[in-house]
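Working notes for the structure below.
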Amino acid sequence: MAQKIIKSSLFLNLISVGGATIITKLVGLLAIGYPARILGPLNYGLVGFGVSVTAYASTLILPGMLAWGTREIARDHSRAGELLVVVNVTRILFACIAYSGVACYAFYFSSSILERTVLLLCGLALFNAALVVDWVFNGLELMRIPAWVGVAVSVLNVIALFIFVRSPDDVTIYAVLAPASGLLVIVISCLMLSRENVSLRFPSSNVFKLSFTKSLPLGVMVSLVVVLHYANNLIVKSYLGAATLGIFMAAFYLLELASTLPGILGTVFLPRLSRNVVCNRDTAVTETRVFAQIHMTTGFFIAAFMFIEAPVIIATIYGAKFVASAVLVRIISFGILFNFAITGYTNCLISFGRDRVMLLVVIVSAIVAIGGGLILIPRFGAMGAAVVVAVIDFSGWLISLPYYRRTIGSLHLSTWIMPALGAVSIVLMSLLLQKIGLPVWVRIPLATCCYIPFVISEIKTTISMLKQQLAQLGET
């Protein structure tokens, strides 16, 4: 049974999706750093505002259907064609309504013609969001296919940035490149999906109704996640203006880049856990420890480097105009850690069908995000926004703990100890190397070497515990 946990398909997906996403995000550093340098904080902030408004509008296109559809396909692959029609047809209808809302906001509340144009262009991404098919691949556990499609398109996107975005006046071109790239991903992914023998089937109206009602709790949850995720962006824009929002967004985008890694883990493990919950619940419970360990080991590693090397990271990616973002990155690094924690814990709850618990978690987090932003941002500016971002996921994680304990049986807090000690060693070693005067490209590998022994120790402990648990399951 121990071998069943380390299936080749699981690790092939993990390596493929992980490798593809790392490449995509390395390319993505150019996609956020280069335009920030060219456009400057003001125009960069305008695009960030457009993205935030579009994200809020996306809550109208039933986002819970994607997670629900992935889970249902993972349990029965034969329903892929039917669910693809149900989910995407429904979402494209609601996308038309959502874009109408963005257009109304743009025409009636924009402070300038440029802001209105940027909003309308960013809003086009709503139709991409409605038509995506990545979730079908995820349910079929073929997530490596859209991952590598995303790599290819992201490279093309960066090439287009260098060609077409050459001055601050090109802000509208920058705003339209993201929707254009998303559309290209959809076209290529659909062609790849047709090769997997997924045939479209138009279901009865009852299936549409069922999909709506079953995905509603997840939809409300995802919508609230969007609300809490982008609330501070809108509050900063309202109180402090687009230029300050640009400074804040420079730090915030680094959080988004880091948060894609727990997204990779969820993409790979969630279908597997969802299937095992139905087929072999004991195995699913056992695997949650591995899930928690991978999240926390990665989270502490990234958070430690983001904290200690923040000034160098900002200077390298964004340049001198965004130097004020460094202190915000250090504050947000704590939010990165708990983003990994809450993602790991909540994905386990979702795989076990605890959708309503997740609704409570995100309601509390949304209250913290909006309430904290309205209180701290007017008083402390962008630093107040960074503090709120750091606290949001921590509060949601605390709320999830009692439900996780009842569902899974263990909080897996022991998986935190060694990564936490390793993170402290990274910070101390980096401080020492900074005092010596070594460059960052030397400091990072040397500090990473301090982290490796803690990771190896944690892996050995986990393997030993898994063997004991699997032996007990075998006896049972």
Side-chain angles (χ1 to χ4, degrees), residues 54-101 123-143 145-147 149-150 179 182-226 263 266-268 270-275 278 347 350-351 353 355-356 358-359 362:
T54 301
Y56 266 58
S58 71
T59 61
L60 300 176
I61 60 175
L62 308 179
M65 277 193 160
L66 301 184
W68 174 82
T70 298
R71 189 169 64 191
E72 294 303 308
I73 292 175
R75 293 173 176 175
D76 185 359
H77 288 186
S78 65
R79 298 187 63 198
E82 176 188 48
L83 293 174
L84 175 59
V85 173
V86 170
V87 171
N88 283 19
V89 168
T90 305
R91 280 167 57 84
I92 196 65
L93 294 175
F94 281 87
C96 295
I97 299 173
Y99 188 77
S100 299
L124 295 173
L126 291 168
F127 297 102
N128 293 344
L131 291 170
V132 293
V133 297
D134 293 8
W135 59 276
V136 180
F137 285 104
N138 295 344
L140 296 172
E141 298 189 61
L142 296 171
M143 53 282 295
I145 294 176
V149 171
L183 180 60
L184 183 57
V185 169
I186 292 170
V187 172
I188 298 175
S189 297
C190 287
L191 294 175
M192 299 296 291
L193 188 62
S194 65
R195 300 176 59 184
E196 299 298 329
N197 298 320
V198 175
S199 56
L200 300 181
R201 298 199 308 271
F202 201 86
S204 65
S205 59
N206 290 333
V207 179
F208 281 90
K209 294 178 182 178
L210 181 65
S211 67
F212 180 82
T213 54
K214 290 292 186 180
S215 66
L216 190 58
L218 281 172
V220 175
M221 179 195 71
V222 175
S223 297
L224 287 172
V225 169
V226 172
T267 298
V268 174
L270 184 58
R272 178 184 172 85
L273 286 175
S274 297
R275 186 181 69 250
V278 176
N347 273 331
I350 290 174
S351 67
D355 298 345
R356 296 186 184 278
M358 293 312 309
L359 184 59
V362 295

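Just so we're clear, the structure is a prediction, and the values are computed from it rather than from any experiment.
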For this session: Would you confirm whether Ser215, through its side chain, and Gly64, through its main-chain N or O, come within 3.5 Å as a donor-acceptor pair?
Result: no
Exercise. Got a donor-acceptor contact below 3.5 angstrom from the Ser223 side chain to the Thr59 backbone?
Worked result: yes
Could you state the interatomic distance from [atom1] ([X]) to [atom2] ([Y]), rounded to the nearest 0.5 Å?
X      : Y     : atom1 : atom2 : answer
Leu216 : Met65 : CG    : CE    : 9.5 Å
Leu60  : Cys96 : CG    : SG    : 12.0 Å
Tyr99  : Thr54 : OH    : OG1   : 8.5 Å
Asn88  : Leu83 : CG    : CG    : 10.5 Å
Leu131 : Ile61 : CG    : CD1   : 9.0 Å
Ser211 : Arg91 : OG    : CZ    : 11.5 Å

Problem set entry | Counterpart residues, side chain to side chain contact (heavy atoms under 4.5 Å, CB included), relative to Ala80 (two or more places apart) | Ile73, Val136, Leu140, Val198
Indicate the atoms forming the closest heavy-atom contact of [X] with [Y], along with that distance.
X      : Y      : value
Thr90  : Phe208 : OG1-CD2, 3.4 Å
Asp134 : Pro146 : OD1-CB, 3.6 Å
Ser189 : Val149 : OG-CG1, 4.0 Å
Pro179 : Leu124 : CB-CB, 4.0 Å
Val133 : Cys190 : CG1-SG, 4.0 Å

For this session: Measure the shortest side-chain to side-chain distance between Ile186 and Phe127 over non-hydrogen atoms and say whether it is less than 4.5 angstrom.
Result: no
Exercise. Given side chains that start at C-beta, do those of Phe212 and Lys209 come closer than 4.5 Å, heavy atoms only?
Worked result: no
